[in-house]
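Model, not experiment: these values are computed from the prediction. Positions are given from 1 along the sequence. Counting starts at 1 for both ligands and their atoms, in listed order.
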Amino acid sequence: MNPLNHVAIIMDGNGRWGLKYKNSRNAGHKAGLNTVEKIIKETIKNKIKFLTLYAFSTENWKRPKKEVNFLFNLLENFLINRIDELHKQNIKLKIIGVKNFSSKLNNLLNKSEKKTLKNRKLQINLALKI
Ligand code: FPP
């Protein structure tokens with residue numbers, strides 16, 4: 001077994017990075033999601049079994065509504081566009097935290113978890129609202 005079994009990342013600094021280099025916090029969030037994709041590839045390459053992403057805290061909920069909406073749209077689109085591919089790659093998605101978002105997002109999260117439940121290559125724990 002790989003001695004490094006679990007990598008956990010607190011997603012932070014995306015907004016500041018976006019403001020500094022792209023003059024937009026949201027551009028930083030988009031870039032952060034691209035980095036998540038790269039990290040997923042690297043975790044698989046390095047045979048790491050668990051990747052925990054602390055993506056959204058209860059504190060983050062207090063941000064301007066526009067930014068919160070943007071973040072949840074990003075997550076929705078990520079699930080809509082990427083879940084089949086993650087499933088094909090034998091990746092399991094697990095939500096840790098609270099699933100009390102819009103019914104559209106709750107359904108997407110539940111469907112994505114159910115679809116990938118038996119996958120074994122990598123488990124991604126997505127920490128939301130904890
Ligand atoms: C940290 O940067 C990032 C967040 C709080 C949100 C990350 C969430 C997403 C990109 C949604 C989709 C997530 C996944 C993993 C599919 P920050 O805004 O705290 O940056 P700052 O510290 O510069 O303010």
Checking side-chain polar atoms at under 3.5 Å, does E67 have a donor or acceptor matched by the opposite partner on N69?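 No, no side-chain donor-acceptor contact under 3.5 Å.
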
Distance to 0.1 Å, residue and atom name: give those for the protein heavy atom nearest to [atom].
atom                    : result
atom 15 (C) of ligand 1 : L126 CD1, 3.6 Å
atom 9 (C) of ligand 1  : L71 CD2, 3.8 Å
atom 24 (O) of ligand 1 : R25 NH2, 3.0 Å
atom 1 (C) of ligand 1  : M11 O, 3.2 Å
atom 5 (C) of ligand 1  : N60 OD1, 3.3 Å
atom 23 (O) of ligand 1 : R16 N, 2.7 Å

Give a yes or no answer on whether the side chain of [X] reaches the backbone of [Y] with a donor-acceptor pair at less than 3.5 Å.
X    : Y    : result
Q123 : I91  : no
N14  : G32  : no
T116 : N119 : no
Y54  : L126 : no

Can you tell which part of [X] has a heavy atom less than 4.0 Å from ligand 1: side chain, backbone, both or neither?
X   : value
R63 : side chain
N14 : both
L33 : side chain

With the threshold set at 4.0 Å, does a side-chain nitrogen-carboxylate oxygen contact exist between K99 and E113?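 Yes, this pair counts.
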
Below 4.0 angstrom from a heavy atom of [X], which ligand 1 atoms are there? Numbered from 1 as shown, please.
X   : answer
L75 : 12 (C), 16 (C)
G13 : 2 (O), 17 (P), 20 (O), 21 (P), 22 (O), 23 (O)
D12 : 1 (C), 2 (O), 19 (O), 22 (O)

Measuring from non-hydrogen atoms of F56 to any atom of ligand 1, is the shortest distance under 4.0 Å?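 For ligand 1, residue contact (heavy atoms, under 4.0 Å) with F56 is absent.
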
Tell me whether ligand 1 is touched by K30 - counting only heavy atoms on the residue side and a distance under 4.0 Å.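 K30: no contact with ligand 1 (<4.0 Å).
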
Considering distance alone, does some N or O of L74 sit under 3.5 Å from an N or O of ligand 1?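 So ligand 1 has no N or O lying under 3.5 Å from an N or O of L74.
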
I'd like to check whether G15 has a polar contact with ligand 1, where a contact means an N/O of the residue lying under 3.5 Å from an N/O of the ligand.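 Yes, since at least one N or O of G15 sits under 3.5 Å from an N or O of ligand 1.
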
Nearest non-hydrogen atom to atom 7 (C) of ligand 1 belongs to which of S57, A127, A55, A31?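 Minimum heavy-atom distance to atom 7 (C) of ligand 1 goes to A55.
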
For I10, look at atom CD1 and say whether over 12 heavy atoms of other residues, nucleotides or ligands are found less than 6.0 Å away.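 It does not: I10 CD1 has 12 such atoms or fewer within range.
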
To the nearest 0.5 Å, how far apart are NZ in K92 and CG in N125?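 K92 atom NZ to N125 atom CG measures 9.0 Å (nearest 0.5 Å).
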
Quick one, R82 with E85, criterion salt bridge (Lys or Arg N to Asp or Glu O under 4.0 Å). Give me CA distance, side-chain angles, the key distance, then yes/no. CA-CA 5 Å; R82 304 288 294 127; E85 184 55 32; 5.1 Å; no

Quick one: sort the W61 and F72 rings into parallel, tilted or perpendicular, breaks at 30° and 60°.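 The rings of W61 and F72 stand perpendicular, inter-plane angle above 60°.
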
Tell me, with the steps shown, if S57 and N60 meet side chain to side chain donor-acceptor pair (under 3.5 Å). CA-CA 5 Å; S57 67; N60 292 150; 3.3 Å; yes

